Each structure stands twice: as C-alpha cells, then as structure tokens.
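For ligands, and for the atoms within them, numbers begin at 1 and follow the listed sequence. FYI, side chains are in, hydrogens and waters are out, and symmetry mates aren't considered; it's all heavy atoms of this structure. Quick caveat: nothing in here was measured; it's all calculated off a predicted structure.
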Amino acid sequence: MSEEPAAPKKGLVTATWIDTLAVLGQVAAPTFAKGPIIRRPKAVALVEWLNLDAKAVERLQTLRDKYGTGPVLLPIPGRPEAVILDGDQARRILEAGPEPFSPDSREKNAALGHFEEKASLVSSPDERKKRRAFNARVLEEACPVHSLAATMMRMVDEEIAALVESCGEEMTWDAFFASWNRIVRRTVLGDGAADDEALTEQLEELRSAANWAFLHPRKEAVSDSFHDAIISHLARADKGSLAESISFRNGDDTAAAHQVAHYLFAFDPGGMTTFRALGLLAAHPEAMARAAQEASGGDDRDLRFLRACIVETLRLYPTTPAILRETTEDVECEGGVLEEGTGVLIFAPFFHRDDTLHKDAHRFDPDAWLGIDPERRPPFVPFSAGPAVCPARHFVPMIASAAIASLLRRRKVVLLRPDLPAEKLPGTLNNYRQVFRLEPLGT
Ligand code: HEM
C-alpha cells in the first residue's frame, strides 16, 4: 500500500489507504463496537480500558495536522466518506439540510429502520416536514419549560423517592436505570405505562438488532407488537404525559407511533447522561454544593445550573458521537466537490475535546453553558444543529435536572467509583461501572 495520497476526487483532499484504515480502526470501529443504537456494556468497558475514546480524538487531530481542515475524503469503495474537521464547516453542513445534506443517511436508515422506519430523522424531505413539525410541537422545542412540566416533575420526584428507598446506601446503574425507565414511560406514555417493562424490553431487543443495521434481519413480529403497544398507550392520552399532547396533535402522515418509538429510544442516553452528570458533580464538590443549593429551591422546572451541568456532561461525553449526513447531489465545498451519495461524518468528540483549540477541553465547566441554548455554542454539537437539531434539547435537560435535584434533596451523593480526576477527565465515563454511596443529608 502506498503512503502517497490517493488520486484526488474533483479536487478534494483524499486520505491515503493507510490513513483511511487508521480512521476506520480508531474512530469508526470503537463507536460501532460500543453500539450505535444500544450500548454493549462489555465493549464500553473495553473501550474505557484501552482509552479508545481519547485515541479516536487524537487520530482525527493527526488527520487534520496532515491534511488540513478538510473535508478529508476517505476513499472507501462503494461508500466514500468525508470527514469534517472544522467547526464552522460542521455547522454549515448541519444547517444545510435536509438537502443537500440529508440526515437520512444509508447507515442511519438501516439502523433505525428496525424499529422506527417512519421517524422524522429517516424520512424523505417531504414526509419529514410534517413529522419534524409534529415532534417540535409535542416536545415544545422552543420552550425551556414544557407546558406539562408541573405533572412531569411530580412523576420524576415520585420515582426518585422510590429509588432512594429501594437503594439503601448504594446506588448502581441497574437500580438507577430501572427507575429512569419508569420516568420515561410515565412522562412519554402516562401513568398507565409505568409498569410496562415488557415494552422497554421489546425496544431493547429491537435496538440490539438495529446495532447491526443492514447486517441483521428485521424482527417484524416484535416490531409490530411494540408499535401496537405504543398505540394502545397513546390511546389513553394520560393526563400530564406527552401522550396527552399527541392525542390532539396527531395527523395521518405523522406516524405518531414511530416518532414516539424514537422518544423512548432517545431517552436512554438521557439516563446515561443524568448518571454521568451526577458522577461529575460528585467529583467537583463546589459544583455539587451549587447544585444542592439550587435543588433546595423547590421549583424544579427551571434549574438553570443543573441544566447547564447536563449539557456540559454531553459536551464531555456526547451520546450521539457520530452525526451522519449524506449528500443528495454534488456539492461544492472547501477544496472541491462532494459527489452525490457521499457520506459525511461529523464526529462530535473531536470538536468537543479538541485540546489544541480549547484549553479547558477536558474539564467540567457547566458555567460556560449558563443561559445558552444547547444548540448555540460553536463548535459544540451535543444535540446536533440546524433543521435536524434535537427537538428535545430543552426537554431532556429539564427532566434530567429534575431527577438530580430530587435525589440531592434526599441524600448526599458520594461517587465510589470510578475515579474522576477533575484536572483531566478521561475520554470515557463508563456509566455501567459508576457506583454511588447515598448518605443522609447533613453528614
Ligand atoms: C441525552 C439525550 C439526547 C441527545 C444527546 C440527543 C441528541 C440528538 C441528536 C444529536 C439529534 C440529531 C441527529 C442528527 O443530526 O442526525 C437528535 C434528533 C432527535 N431527537 Fe434527540 N437526543 C436526546 C434525547 C432525545 C429525547 C429524550 C427525545 C424525545 C423525547 C428526542 C427526540 C429527538 C427527535 C424527534 C429527533 C429527530 C429530529 C429530526 O428528525 O429533525 N431526543 N437528538
């Protein structure tokens, strides 16, 4: 194999085969191994042990040092992929959707098609309009405080109270996640879905197949039964849950069950982020004191500092590391033309943890997000940006901050493991390994 750059494609900087293999091995492979749709705890542990998340960022820094800010084309046969290495360029691409940079990339479509083939993210531009609008309305994307917040805060508080009771002195991921899933089912589908663990299990089964995208046959029977269950929960339109809004906002083309399948799926990284944020707070006593002070205020609808902690946790540990686009036509860009059908990779950790550009890249600094819409702090894209930006970018921090506040009102939270050195946080924070001691307040 030659170390010479391969023949440039219409002027684009094109990586050598060796560099292409290095990016595939050090950036794509660990992301795929951890599980793009549902995490595989053993793979996460291996990635943590081998420090592969930090190495992925270093690999892309090396690529930028060698080729410039790109885009750099990886000449993968049948699927050329352009890697974006400049924050402004990443923003411009995200803004330019769904055409010519479509969020409905082949990979995403193959993966999400296992359980939500009509979700807005993987819909054609025409279908997407109504589905995106539906999501924006149900999730009230422009509002920092959702109109159903008061009832939802009560649901969160009840579940966290029960969690604290059941945990005793130690809280593990499994205990937390079981409560989190109850919060998710109640806030999305209503109190009538609180005990429907089978629904969450079906979704997990479908997501496990989705991890393999094209490589796994679809589980049509499980998917049908999962969608039927969602529809019957939605039909109750339980008061105070998103189902209440959906009952009167549902039109024919919105494919509500598919959008809701996405909500249930996407809440899972919300749980990971909440648990990680708790770990980061416990490792930063000053921030923890501010959070506890805010939590004691009594109104959980707008916990500004805790919300900033959630978004900062997502900057450090983005749960959608690979933001994918696909060109729908030939596109002129810096350095050349991206041909129609080219994949585009915006690797969020590269921008979020680029210590050559941000001196505090590896530190926990929630203040930097205070009062800022999580969509608008370049070059950070925890919730993506542009027309496909996460419509739950306020909703998720609202629920997650309320869960932490509820916990901090009941217990002092001490992180038993892993060690989190505040001066340089690790590339991976393995939520499955986190364990907390819950102590009575005032100790
Ligand atoms: C930590 C939690 C979450 C993170 C980090 C997150 C992040 C993202 C990102 C990065 C995208 C855009 C992907 C792209 O540009 O290709 C997205 C889209 C989306 N998210 Fe979230 N999300 C989270 C939770 C949620 C939740 C809980 C919901 C619903 C209750 C939700 C609803 C959506 C929807 C409907 C879309 C598709 C938007 C569209 O098609 O235009 N997300 N999310």
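With waters neither drawn nor counted, the protein N/O/S atoms under 2.8 Å from atom 21 (Fe) of ligand 1 amount to 1.
In this structure, the protein non-hydrogen atom closest to atom 5 (C) of ligand 1 is Thr319 OG1, 3.1 Å. Protein heavy atom closest to atom 35 (C) of ligand 1, with residue, atom name and distance, is Asn135 ND2, 3.5 Å. Scanning all protein heavy atoms for the shortest distance to atom 40 (O) of ligand 1 gives Ser120 OG, 2.6 Å. Among protein heavy atoms, atom 38 (C) of ligand 1 sits closest to Arg132 NH1, 3.3 Å.
Of all the heavy atoms of Ala119, none lies under 4.0 Å from any atom of ligand 1, so neither backbone nor side chain is involved. At a 4.0 Å heavy-atom cut-off, ligand 1 touches Arg325 through the side chain alone. If you look at Leu314 next to ligand 1, the close heavy atoms, those under 4.0 Å, all belong to the side chain. For Arg128, every heavy-atom contact with ligand 1 shorter than 4.0 Å involves the side chain, none the backbone. When heavy-atom distances to ligand 1 are checked against a 4.0 Å cut-off, Val188 has no atom that comes that close, whether in backbone or side chain.
Residue contact check for ligand 1: Pro387 places a non-hydrogen atom closer than 4.0 Å to it. By the 4.0 Å heavy-atom criterion, Lys108 is counted among the residues contacting ligand 1.
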message: Could you go through Met153 and Met398, starting from their C-alpha distance and side-chain angles, then the distance that decides it, and tell me whether this counts as side chain to side chain contact (heavy atoms under 4.5 Å, CB included)?
response: CA-CA 9 Å; Met153 300 298 95; Met398 181 185 87; 4.0 Å; yes
- prompt: Between Arg40 and Lys34, does a side chain to side chain contact (heavy atoms under 4.5 Å, CB included) hold up when you go through it step by step?
  reply: CA-CA 5 Å; Arg40 303 176 176 105; Lys34 278 193 292 178; over 6 Å; no
task: Kindly indicate, with the supporting measurements, whether the criterion side chain to side chain contact (heavy atoms under 4.5 Å, CB included) is fulfilled by Leu189 and Leu199.
output: CA-CA 11 Å; Leu189 299 171; Leu199 184 81; 3.5 Å; yes
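Counting heavy atoms only, Ala388 comes closest to atom 12 (C) of ligand 1 of the residues Pro397, Ala388, Ala385, Gly386. Summarising the contacts of atom 13 (C) of ligand 1 with Thr313, Leu121, Asp104, Leu112, the nearest heavy atom is found in Leu121.
Both tests hold for Arg315 against Phe380: distance to the six-membered ring centre under 6.0 Å, angle to the ring axis within 45°. No cation-pi contact links Arg325 to Phe101, judged by a cut-off of 6.0 Å to the six-membered ring centre and 45° from its axis. Cation-pi geometry between Arg353 and Tyr317 is satisfied (NZ or CZ under 6.0 Å from the ring centre, within 45° of the ring normal).
Residue-ligand proximity, Pro269 to ligand 1, at heavy-atom distances under 4.0 Å covers atoms 1 (C). Atoms of ligand 1 found under 4.0 Å from any heavy atom of Gly270, numbered from 1 in the order shown, are 1 (C), 2 (C). Near Tyr263, with a cut-off below 4.0 Å to any heavy atom, the atoms of ligand 1 are 29 (C), 30 (C). Near Pro382, meaning under 4.0 Å from one of its heavy atoms, ligand 1 places the atoms 5 (C), 7 (C), 10 (C).
Glu340 is linked by a salt bridge (charged side-chain N to carboxylate O under 4.0 Å, His left out) to nothing, counting only residues two or more places apart in sequence or in another chain. Here Asp228 pairs with nothing under the salt bridge (charged side-chain N to carboxylate O under 4.0 Å, His left out) rule; sequence neighbours left out.
Summarising the geometry, atom CG belonging to Asp238 is positioned 7.5 Å from atom CE belonging to Met155; distances are rounded to the nearest 0.5 Å.
Note: His262 and Phe265 have perpendicular aromatic rings, judged against thresholds of 30 and 60 degrees for the angle between ring planes.
Within 6.0 Å of atom CG in Asp360, more than 12 heavy atoms from other residues, nucleotides or ligands are found, so the atom counts as buried in its surroundings.
Aromatic rings from Phe177 and Phe275 are positioned such that their centres are separated by 6.0 Å or more.
Judged by distance alone, with hydrogens and angles left aside, the side-chain atoms of Arg186 form no donor-acceptor pair with the main-chain N or O of Glu159 at under 3.5 Å.
Pairs passing the ring pair (Phe, Tyr, Trp, His ring centres under 6.0 Å) check and including a residue from residues 139-161, sequence neighbours excluded, read His146-Phe395.
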